[in-house]
Amino acid sequence: MRLRTAAVSAGLAIVAVAGLSAPAQAADWKAVARYNSQSQCIDAGQQYHREGWAYMCTHDGGAPPYILWIKPI
């Protein structure tokens, strides 16, 4: 009985530690707007950053080619 309790306790401890070490679920990036130049995209992204959002600008070759993506920090 004690051996089974110890084994179950050790198993639960391993699961708990594994759960704590796993990365948090990342929020999805959302496309906000398209811009003709990278500098315009970055300027708009910096405005979102001041409001507490993470941003990135990507180039996809479309028209306009730069896409502003945001997600909560």
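Predicted model only: the values in this text are computed from it and were never measured.
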So do Y48 and V32 actually touch side chain to side chain, heavy atoms under 4.5 Å?
->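 The answer is yes, as the side chains (C-beta and beyond) meet within the 4.5 Å cut-off.
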What's the spacing between [X] [atom1] and [Y] [atom2] if we round to 0.5 Å?
X	Y	atom1	atom2	value
W69	M56	CH2	CE	6.5 Å
K30	W53	NZ	CH2	8.0 Å
W29	I67	CH2	CD1	13.0 Å
S37	D43	OG	CG	8.0 Å
I73	E51	CD1	CD	11.0 Å

Residues, nucleotides or ligands: over 12 heavy atoms within 6.0 Å of Q46 CD =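 Yes, because the 6.0 Å sphere around CD of Q46 holds more than 12 heavy atoms from other groups.
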Exceeds 12 heavy-atom contacts within 6.0 angstrom, atom OH of Y35 =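 Atom OH in Y35 is packed in, count exceeds 12.
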Just by modelled atom types, is the P64 backbone N or O under 3.5 Å from a matching donor or acceptor in the R34 side chain?
->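 Checking the backbone N and O of P64 against the side chain of R34, a donor-acceptor pair under 3.5 Å is found.
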Could you check Y55 against L68 for side chain to side chain contact (heavy atoms under 4.5 Å, CB included), going step by step and ending with a plain yes or no?
-> CA-CA 7 Å; Y55 78 93; L68 174 62; 4.0 Å; yes
